[in-house]
There are 2 protein chains.
Amino acid sequence: MRATIKDIAKISGVSTATVSRVLNELGGYRPEVATKVLAVAKELGYRRNDSAVSLVKQATRTIGIVMPTVATSFYAQIINGIEDRAYQAGYSVILTHAGVNNVRLQESLNFMVERRVEGIIGVSINLAQIDLQAIAALAVPLLLLSAQAPGNRLPYVKVDDYAAAYAATTDLIDHGHRTIALVGVDPADSVAGRPRIAGYTAALQAAGLRLDRNLIFPGDYTFEAGQRAMTTILATPELRPTAVFAVSDETALGVIAVCYQAGLRIPQDLSVLGYDNSAIASMVSPALSTVAQPFYEMGQLAADKLITGLQTNQPIQSQIVPFKLIHRGTVSSL
Amino acid sequence: MRATIKDIAKISGVSTATVSRVLNELGGYRPEVATKVLAVAKELGYRRNDSAVSLVKQATRTIGIVMPTVATSFYAQIINGIEDRAYQAGYSVILTHAGVNNVRLQESLNFMVERRVEGIIGVSINLAQIDLQAIAALAVPLLLLSAQAPGNRLPYVKVDDYAAAYAATTDLIDHGHRTIALVGVDPADSVAGRPRIAGYTAALQAAGLRLDRNLIFPGDYTFEAGQRAMTTILATPELRPTAVFAVSDETALGVIAVCYQAGLRIPQDLSVLGYDNSAIASMVSPALSTVAQPFYEMGQLAADKLITGLQTNQPIQSQIVPFKLIHRGTVSSL
DNA sequence: GCTCTGTACGTAAACGTTTACTTGTTTTGA
DNA sequence: TCAAAACAAGTAAACGTTTACGTACAGAGC
């Protein structure tokens, strides 16, 4: 069995209180006692039991991450950012996923509460009204990352999707494009879907361009959504966009894949603009032009905000983080 | 403050023992007592405190993951696999990274031991002799994933890198290639480096081909390593390989990027074979031919093995998982 | 009526820490 | 020299559970 401070106390001939004080460098002991205690601790391979500490201190120094699924690379960057900051602050991170459509959300949250996480970061989870009540009942601070709650009743960190879509569409227009498809967006998604549609629409109108609803292709941000949309576009000659604004980098790659098969050249025959600036965007050839979300930094910021909120006991303020248009090789001027 | 079983006990007029029995469905109480207790628990929003449970049960039902960094997408798939299985077994997962070159390894491991994780999965961490001693001192089961310890002194789950490199190289030879570069490999890396060099070399020899050491380009599995190597290849006319076997998908994309810049067509002018089958491989155009490692399944398997090892108290057996050659669009026959 | 068995609880110790309080000893300062 | 202050260390309670053990009571069987 693992050594405890009792063992150390017994062997070094002091009380557990003194051992604790030595180990935590609280002072109130002679140097030679400290030396002895430390030596015994090392000898026994002593490691503090955080369960016991958590119990008495009523604090676990742990935060939880919930996300739909861990599988995609941009989540990896987010997790990385969160973990880095949490580590710096002496927090550990526990990880669960909520399943597609949040099927496992409630269960995951319970899990975390039982683990007594001090706060939770919910990444890309779309909350319904009913979830909000359950979350309130949990009595644990929850910060949303790349997501937003109905009525903004939870703090969030995200980019302004409307503004990003507006800027992206405008950029395409500035490159001389007049017929621009919007691909892969989910109109039922009130956080990353509708605002992007609205931004796209507004940019067209501001430029005096006609909005063609047939150029908006619904989807779920996946590669396949891009493939499907592009296949439809090729099969519908009357559409003929000169540029497509894809709602994720993966979707953009789906569009490009179909073009490649069909012998269309990017960007000469079609301009493609992605969204996310995930790691792949800079690795494909031609490199993908895209609107960048600073995932790593967003993760850091979220962890920062959550932890300082925890420590100061202040409510967490939402924050809009800046996006950036990254021009690479998939958009050309007409 | 959060409600405890004492609160429930007091309000429902029974002892904490009975509350515990009801909550854990252990029997030994009348139905009406159970109803009452459950109602009170719900009313108070009671959640079990796992720190207390861990303390008394001497078990945390938590496993830890350590990896060099979380940033890349193939780690995401691995984490996903681990988390899924762990969840099914009622375990939670805590996550830390070891930093580049394991700078943070010892610290991370201590962290986990203090958290009393029951076992650890080390993903892609290269251990030195000295680490092994520290790990043994930790007295926590450690299973390596996509890694291997000196002298195989720790159980591992990984593909046979030698065999995979042999098969990949042979496949290229079967496509008619005679001059094949090996790109991005780290000769100092005894787990993913040297075995692949050996497999590559052996395949050439088996085919009666001459080994040209200049065709082996050292690197660190990154995109940039691929770029550097390919740049050198273009600048060195006497080499002129017709195929390159890149040691990761990202490296392969680096190679392809330089070719794209130089106007070389893939696969007509150069065949490129990747390694990993990370999510990107199927999304780029042309889609990347690669040797697939089943990351998600490896994660599942590792979690499985670790947890059953924990529960049965049996030593964990190492396991080689099968790789698969995936033919897509970047390799052509000469 | 009596013992026996089973059920339905309650009591209290234990898990490994931290920490308020107490006690005893040494140092300080006038 | 002596009281006061400072220091070093110990005692024991507390954190929230689980669980071995004890007990009271009801019904069964004779």
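Proteins come first, then strands; the chains are lettered A, B, ... in the order of their sequence lines, and each starts at number 1.
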Do T62(B) and R115(A) have a side chain donor and acceptor closer than 3.5 Å? yes
Name all pairs fulfilling the side chain to side chain donor-acceptor pair (under 3.5 Å) condition that reach into residues 132-149 of chain A, sequence neighbours left out, sorted by first residue then second. Q148(A)-N152(A)
Earliest and latest nucleotide of DNA chain D, 5' to 3', sitting under 4.0 Å from a non-hydrogen atom of chain A? dA8(D) to dG16(D)
Interface residues of residues 34-59 of chain B with DNA chain C (non-hydrogen, below 4.0 angstrom): L55(B), V56(B), Q58(B)
Salt bridge (Lys or Arg N to Asp or Glu O under 4.0 Å) filter on D189(B), not counting sequence neighbours, yields none
List the residues meeting salt bridge (Lys or Arg N to Asp or Glu O under 4.0 Å) with R116(B), not counting sequence neighbours, and say none if there are none. none
Spell out protein contact along nucleotides 20-25 of chain C as letters: B when the base is contacted, S when just the sugar-phosphate is, - when no protein heavy atom is under 4.0 Å; keep the 5' to 3' order. ------
Please report how far the helix from dG1(C)-dC30(D) to dA30(C)-dT1(D) bends, comparing the axis fitted to its first five pairs with the axis fitted to its last five, to the nearest 10 degrees. 50°
Validation: residues 31-43 of chain A side-chain donor-acceptor distances under 3.5 Å, sequence neighbours left out:
unit_1: E32(A); atom_1: OE2; unit_2: R30(A); atom_2: NH1; d: 3.4
unit_1: T35(A); atom_1: OG1; unit_2: P31(A); atom_2: O; d: 2.7

Between dC9(C) and T18(B), is there an OP1 or OP2 to side-chain N/O distance shorter than 4.0 Å? no
The side-chain contact (heavy atoms from CB on, under 4.5 Å) partners of Q88(A) (sequence neighbours excluded) come to R85(A)
side-chain contact (heavy atoms from CB on, under 4.5 Å) involving L144(B) - partner list, sequence neighbours excluded: I125(B), L127(B), A147(B), A149(B), L154(B), Y156(B)
Using the test side-chain hydrogen bond (donor to acceptor under 3.5 Å, both in side chains), find all partners of E114(B) that sit at least two apart in sequence or belong to another chain. R48(A)
Checking Y29(B) now: which residues fulfil side-chain hydrogen bond (donor to acceptor under 3.5 Å, both in side chains) with it, not counting sequence neighbours? none
Could you check whether G27(B) gets within reach of a base, just the sugar-phosphate, or nothing at all, counting any heavy atom under 4.0 Å? nothing
Any ion pair linking K57(A) and E118(A) (charged N to carboxylate O, less than 4.0 Å)? no
